[in-house]
Amino acid sequence: IPQRLAALVSAAQEEALQSRQQIQALREEVVQLQEQLSRARQDGERWASALQRTQREVQEREAMRGAEQARQQELIRDMKGRLLELLREKDALWHKTEGIDLQTPSPAPRDVGLCSRCGKDFRLLSRRYSCRWAQGDTREYSRVTDHHHTPTVCSLTRLCQGKVCHTCSVDMGKQGRCCLLCYQQRHPQAM
């Protein structure tokens with residue numbers, strides 16, 4: 001029995017030694033995992049900080065781009081206004097030098113290849129516009145569709161019948177374009 005007891009004690013001591021070694025190995029592994037976790041948290045904080053910085057930079061760039069776009073739109077609006085003023089001054093000087101009465105629109109030119117106002121030659125890059133204006137009187141025309149006569153109202157009538165270039169005309173939206181003389185005749189306050 002004592003030998004058997006000594007063998008059991010020896011086996012128990014070996015098991016205890018192995019258990020201590022396993023516990024020590026697990027503790028070392030836990031320490032390594034804690035270090036990895038700490039490094040991962042530091043990396044996460046760095047990435048979060050970099051992401052916030054990038055988002056701030058993007059927002060600042062967007063704000064600057066929006067401000068620049070608004071500044072450019074204002075500049076374009078100012079330039080259009082100044083261009084209209086210069087066109088009016090040029091038109092007034094032209095009327096003065098040519099002795100043209102502002103109340104009568106200019107007649108249509110004989111040569112449809114030239115602008116009736118400035119004499120510019122219509123080519124690929126300069127479009128020709130017919131002077132049009134929606135007058136107060138409307139005329140009814142009948143239009144044939146599927147063998148039925150349908151009355152339509154046409155309110156766009158030509159005033160001076162002139163062909164004008166883009167510079168010498170004013171855009172009237174859905175009504176088309178008209179020459180500066182007709183526009184000024186209709187809108188004297190615009191002068």
Show me, pair by pair, the donor-acceptor contacts under 3.5 angstrom made by side chains of residues 55-67, not counting sequence neighbours?
unit_1	atom_1	unit_2	atom_2	d
Glu62	OE1	Arg65	NH2	3.0

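- Applying the 4.5 Å side-chain rule to ILVMFWY residues, one finds Leu83 in the same cluster as Leu87.
- Residue Leu8 belongs to no hydrophobic cluster, having no ILVMFWY side-chain heavy atom closer than 4.5 Å to its own.
- Applying the side chain to side chain donor-acceptor pair (under 3.5 Å) test to every pair with at least one member in residues 7-23, sequence neighbours left out, gives no pairs at all.
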Show which side-chain atoms of residues 31-50 pair as donor or acceptor with protein atoms under 3.5 Å away, not counting sequence neighbours.
unit_1	atom_1	unit_2	atom_2	d
Asp43	OD1	Arg46	NH2	2.0

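- How far CG of Leu86 is from CG of Asp91: 12.0 Å, rounded to the nearest 0.5 Å.
- Between Leu93 atom CG and Lys90 atom NZ the span is 9.5 Å, to the nearest 0.5 Å.
- Listed by chain and residue number, Arg82 satisfy the side-chain contact (heavy atoms from CB on, under 4.5 Å) test with Glu85 (two or more places apart in sequence, or in another chain).
- With sequence neighbours excluded, the residues that form a side chain to side chain donor-acceptor pair (under 3.5 Å) with Gln72 are Glu68.
- Considering only residues two or more places apart in sequence or on other chains, Ile23 meets the side-chain contact (heavy atoms from CB on, under 4.5 Å) condition with Arg27.
- Within the 4.5 Å cutoff, side-chain heavy atoms of Cys115 are placed close to those of Cys168.
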